[in-house]
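For reference, the structure discussed in these notes is given below.
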Amino acid sequence: MLFPEYRPRRARKSGPMRRMVRETRLSPNDFILPLFAVSGKGVREPIASLPGHFHLSADNAVKLAVEAKNAGIPAVLLFGVPDKKDPLGTSAYDKNGVVQKAAAAIKEKLGEDLLVITDVCLCQYTDHGHCGILDKGQVDNDSTLDLLGRTAVSHAGAGADIVAPSDMMDGRVAEIREALDEEGHQDVAIMAYSAKYCSAFYGPFRAAAHSAPRFGDRRTYQMDPANAREAVREMSMDAEEGADILMVKPALSYLDVISRARDEFDLPIAAYSVSGEYAMVKAAEQMGWMDGERAMLEILLSIKRAGADMIITYAALELANKLE
Ligand code: PBG
């Protein structure tokens, strides 16, 4: 097929033609909306680094969850911003913790109509801000696992449908699966942050969740952005340990990793379009340098085209009603 007999422009001739031959489509079904839960009542504090997002008490988290459900979004992802932090992150596995309360309130209102996914990690809950507990100034893998298991069980007890460990400790998926099953939560799924990179793109989230490490960085547990083969290894381990969904995070700078994940595994693949991806579009839009909505849709489309089955995005709600 060569020019002039073949003319690729014929397939781009009109709107209906382009719609008909389109290979990838975004739908609200693809989206997962992150929400930030705090204590109290009637709280809805704007988050400066994430325009359009708020710190929400459980009652207001329910309102946004209802909006998400009405927009056709199947799931929310809950993060907690607790009142108290300590070295062991105890409020992460407190049954009256902020995530536990928000999860219970959302499930009470919406039941089966919306999935509640909970972030399982200690970094918002530890006073040092690391994702695991410390031993002589180092993040200690094995003693962290027990606390992650307890956190997951307490989320499941509050009604979470899916728990999402984001700490990058070795062996946490097996530990969490075992802990859930022991407590009778066989039906709670695990969405594993399997290939989570040590990324500058988490900046706005850490400002929102007050979870920046107080010293050092996360390089000893999150992955080196240079490595893709290692991501396949991490995902294989999580699949073996019982993960139901594998995640790549961030998304935009890791489309190759998403594409490899799609090729190598038959599990559902999630991609997390992180805070920095959202914030840079919002910032450029505010400067008048870019059409933010078009740019965001193009980014999300590229993530789906790369092979993601679901996308966690801060733009979920604002874009859900804009899709054809
Ligand atoms: C916590 C966690 C982080 C994100 C989700 N869970 C931040 C981090 O690793 O510091 C980032 C999400 C985002 O940037 O949108 N482990």
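Ligands are counted one by one from 1 in listed order, and the atoms in each one are counted from 1 as well. Only a predicted model underlies this, so the values are computations on that prediction, with no experimental measurement involved.
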Taking the six-membered ring for Trp, are the ring centroids of Tyr202 and Tyr197 within less than 6.0 Å of each other? no

Close approach, Asp167 and ligand 1, non-hydrogen under 4.0 angstrom: no

Tell me the protein heavy atom at minimum distance from atom 10 (O) of ligand 1, and give that distance in Å. Arg206 NE, 2.5 Å

Hey, does Tyr193 come in under 3.5 Å of ligand 1, counting only N/O atoms on both sides? no

Counting from 1, what ligand 1 atoms have a heavy atom of Asp119 closer than 4.0 Å? 6 (N)

Side chain, backbone, both or neither: which part of Tyr272 comes within less than 4.0 Å of ligand 1 when only heavy atoms are counted? side chain

Run the contact test for Tyr314 against ligand 1 with a 4.0 Å cut-off on heavy atoms, strictly below, and give the result. yes

With a 3.5 Å distance limit and no angle check, can you tell me whether Arg18 reaches the backbone of Arg12 through a side-chain donor-acceptor pair? yes

Give the atom numbers and elements of ligand 1 that come within less than 4.0 Å of a heavy atom of Phe79. 5 (C), 6 (N)

Looking at Asp266, I want to see if its CG is surrounded by more than 12 non-hydrogen atoms of other residues, nucleotides or ligands under 6.0 Å. no

Give the residue and atom name of whichever protein heavy atom lies nearest to atom 5 (C) of ligand 1, and the separation in Å to one decimal. Lys249 NZ, 2.6 Å

Would you mind checking if Lys84 and Asp127 are paired as a salt bridge, meaning a charged N to carboxylate O distance below 4.0 Å? no

Among residues at least two apart in sequence or on other chains, which ones pass salt bridge (Lys or Arg N to Asp or Glu O under 4.0 Å) with Asp181? Arg177

Per-atom filter on ligand 1: closer than 4.0 angstrom to a heavy atom of Gln222 are 8 (C), 9 (O)

Could you tell me whether Lys196 sits above the aromatic face of Tyr272, with NZ or CZ closer than 6.0 angstrom to the six-membered ring centre and within 45 degrees of the axis? no

Residues, nucleotides or ligands: over 12 heavy atoms within 6.0 Å of Glu230 CD: yes

For ligand 1, is there an atom lying under 4.0 Å from some heavy atom of Glu277? no

I want to confirm something. Looking only at heavy atoms, which of Tyr221, Tyr197, Phe205, Phe201 is nearest to atom 13 (C) of ligand 1? Phe205

Sub-4.0 Å heavy-atom contact, Met168 with ligand 1: no

Applying the 4.5 Å side-chain criterion to the ILVMFWY set and letting contacts propagate, would Phe215 and Val139 be lumped into a single cluster? yes

Would you mind checking which non-hydrogen protein atom is closest to atom 16 (N) of ligand 1, with the distance to 0.1 Å? Lys196 NZ, 3.0 Å

Please check if Met237 and Tyr193 belong to a single hydrophobic cluster, counting links between Ile, Leu, Val, Met, Phe, Trp and Tyr side chain heavy atoms closer than 4.5 Å. no

Kindly write out the residues that satisfy salt bridge (Lys or Arg N to Asp or Glu O under 4.0 Å) with Lys69, not counting sequence neighbours, or none if the list is empty. none

Looking only at heavy atoms, is any part of Ser275 under 4.0 Å from ligand 1, and if so is it the side chain, the backbone, or both, or is it neither? both

Non-hydrogen atoms of Cys123 versus ligand 1: any pair closer than 4.0 Å? yes

